[in-house]
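Every chain is numbered from 1, with letters handed out A, B, ... down the list of sequences. What you are looking at is a predicted structure, and each value in this text was computed from that prediction instead of being measured.
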Protein chains: 2
Amino acid sequence: MTSQDADGPESVAASRRSKLTPEREQEFFDAVLEQIRECGYEAVTMEGVATSTRCSKSTLYRQWKTKPQFVVAALRSRRQSRLAGIDTGSLAEDLREAARGAARWSMTDTKLLQALGHAVTQDADLAGALREAIVEPEITALREILRRGVERGEVEAGHPALEYIPAQMFGMVRARPVVDGEYADEAYLLRFVEAAVLPALRLGPERPRPPSAG
Amino acid sequence: MTSQDADGPESVAASRRSKLTPEREQEFFDAVLEQIRECGYEAVTMEGVATSTRCSKSTLYRQWKTKPQFVVAALRSRRQSRLAGIDTGSLAEDLREAARGAARWSMTDTKLLQALGHAVTQDADLAGALREAIVEPEITALREILRRGVERGEVEAGHPALEYIPAQMFGMVRARPVVDGEYADEAYLLRFVEAAVLPALRLGPERPRPPSAG
DNA sequence: GCGTATCGGTACGATGTCGTATCGATGGTG
DNA sequence: CACCATCGATACGACATCGTACCGATACGC
């Protein structure tokens with residue numbers, strides 16, 4: 001666990017102001033995000049992050065001026081889409097795959113969103129960083145999945161349900177813990193796609209019924 | 001809204017300041033919930049509530065031992081269903097009415113849930129109170145609406161989409177602010193019901209064709 | 001009118017965190 | 001080898017909140 005830095009000479013080439021390797025920096029980011037998930041944004045302390053990463057507060061404050069800026073940096077380091085790269089060639093299958101992907105990150109991302117949920121309403125930078133970290137990537141990926149489905153003619157462009165599907169997936173992942181007391185797992189989200197999303201699009205296990213009059 | 005107070009000689013019509021009347025108590029509860037919505041649970045201070053209600057910290061601490069207990073009491077005072085009493089005789093119309101009701105409380109309840117979202121994971125009493133205040137009443141009311149629809153034969157019992165509808169309504173209300181940056185209003189939720197919920201149940205504007213112009 | 005209990009106001013100690021300053025140690029660079 | 005920036009550790013002041021204690025004032029019951 002204690003990574004003795006095996007820094008290759010190639011990374012030293014670029015002169016860094018800091019002696020911290022990118023890997024070490026990521027350790028700080030992982031630690032603060034984990035503390036946020038566990039304790040909430042307000043309760044996170046720089047001292048706690050320093051302790052858990054065996055560095056000192058000085059180091060954190062040297063690199064990032066304040067706690068909010070530190071957290072923002074940590075969030076930005078996590079920008080990635082959990083649903084990227086999904087492209088099975090079938091809209092229904094893409095949506096099922098998206099459900100699997102969303103389920104995989106359900107607990108982690110939901111905790112983070114929950115823990116930052118209010119702080120975000122008070123700090124615009126934080127809000128932006130959180131959006132870029134775990135909201136927009138998923139929404140964008142889902143929109144892309146839908147766009148391709150329309151492009152392939154699987155669903156009529158402008159189908160009224162299309163507009164709501166990203167928010168539906170997102171909302172179900174976040175709502176389930178509140179409603180049922182447990183995180184949205186793969187089985188739950190897959191059943192949801194089958195039971196609600198695909199039927200609304202007239203897709204899915206049932207043979208699509210060609211509308212007689214348009 | 002604190003524009004009811006007229007400093008100076010106020011009319012003694014119906015308000016007594018001597019002992020804590022239920023109305024006075026409700027003022028405290030309203031104040032703390034509003035502060036939670038605005039500032040977050042952690043940032044709420046007993047001092048602030050005391051100031052905004054023109055009482056003293058002593059009074060608050062006399063009635064409720066600690067801040068968490070005070071907040072729990074405030075939440076319990078708010079137990080009510082925003083969707084109670086909906087019974088139009090038609091499942092589709094009931095769901096539309098539920099959408100309207102959910103929209104009406106969308107901002108208020110979402111702010112509260114957002115602000116308490118994490119505190120709830122650390123305090124079981126708080127979690128229970130919040131559930132009873134704004135989660136279970138709505139979920140229960142929706143289930144009841146669905147149950148009656150099934151009872152009337154509008155939807156087949158055990159229809160797979162039924163299970164997800166309460167969480168969907170709940171989730172859409174909470175997800176929209178995060179996804180679109182604005183609260184779920186009536187138009188949004190009504191379109192959602194038409195576009196996603198009713199079609200998944202094979203209900204809605206398909207059977208009765210409204211006169212389409214164009 | 002008097003006693004009592006609660007009211008509102010405020011001062012207080014305890015606690016915890018932020019962010020800064022200071023210190024010795026280390027490792028890279030000319 | 002000498003220099004110097006950064007590292008980790010720690011002490012520190014500033015600040016805010018919790019929850020308590022004490023105060024005078026007021027309203028109700030008798």
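- Listed candidates were D:dT17, D:dG8, C:dG9. Nearest to the side chain of B:Thr45 is D:dT17.
- At a cut-off of 3.5 angstrom, counting only N and O atoms as typed in the model, there is a donor on one side and an acceptor on the other between the side-chain of A:Ser58 and the base of D:dA9.
- Atoms NZ (B:Lys65) and P (D:dT20) sit 8 Å apart, rounded to a whole Å.
- Residue A:Thr59 has a polar side-chain atom (N or O) positioned under 4.0 Å from OP1 or OP2 of D:dG8.
- Going from atom CZ of A:Phe28 over to atom C1' of D:dG8 covers 10 Å, rounded to whole Å.
- Atom pair B:Lys67:NZ and D:dT20:P shows a separation of 15 Å (rounding to whole Å applied).
- Of all the heavy atoms in B:Phe70 and B:Phe28, the pair that sits closest is CZ-O, 3.9 Å.
- Distance from the side chain of A:Met46 is smallest for C:dC18 among the nucleotides C:dC18, D:dG19, C:dG8.
- For D:dT6, the OP1/OP2 oxygens have no side-chain nitrogen or oxygen of A:Gln63 closer than 4.0 Å.
- What separates CD of B:Gln69 from C1' of D:dC18 is a distance of 14 Å, to the nearest Å.
- Close to D:dT6, at under 4.0 Å from its OP1 or OP2, lies no side-chain N or O of A:Arg24.
- The distance between atom CD of A:Glu42 and atom C1' of D:dA16, rounded to the nearest whole Å, is 13 Å.
- Rounded to an integer number of Å, the gap from B:Leu60 CG to C:dC7 P is 10 Å.
- Ring centers of B:Tyr188 and B:Tyr183: at least 6.0 Å apart, outside the cut-off.
- Between the side chain of B:Arg62 and the base of C:dG8 there is at least one donor-acceptor pair of N/O atoms closer than 3.5 Å.
- Atom OH in A:Tyr61 sits about 15 Å away from atom C1' in D:dT10, given to the nearest Å.
- For A:Lys67 and A:Tyr61, the positive end is not near the middle of the six-membered ring at less than 6.0 Å and at most 45° from its axis.
- Taking atom CH2 of residue B:Trp64 and atom C1' of nucleotide C:dC7, one finds them 13 Å apart after rounding to whole Å.
- Geometrically, A:Arg174 engages A:Phe170 in a cation-pi contact defined by less than 6.0 Å to the ring centre and at most 45° from the axis.
- Taking only side-chain atoms of A:Lys57, from C-beta outward, the nucleotide of C:dC7, D:dA9, D:dA11 with the closest atom is D:dA11.
- Contact check on A:Glu163 versus B:Arg191 returns a salt bridge, with a Lys/Arg side-chain nitrogen under 4.0 Å from an Asp/Glu carboxylate oxygen.
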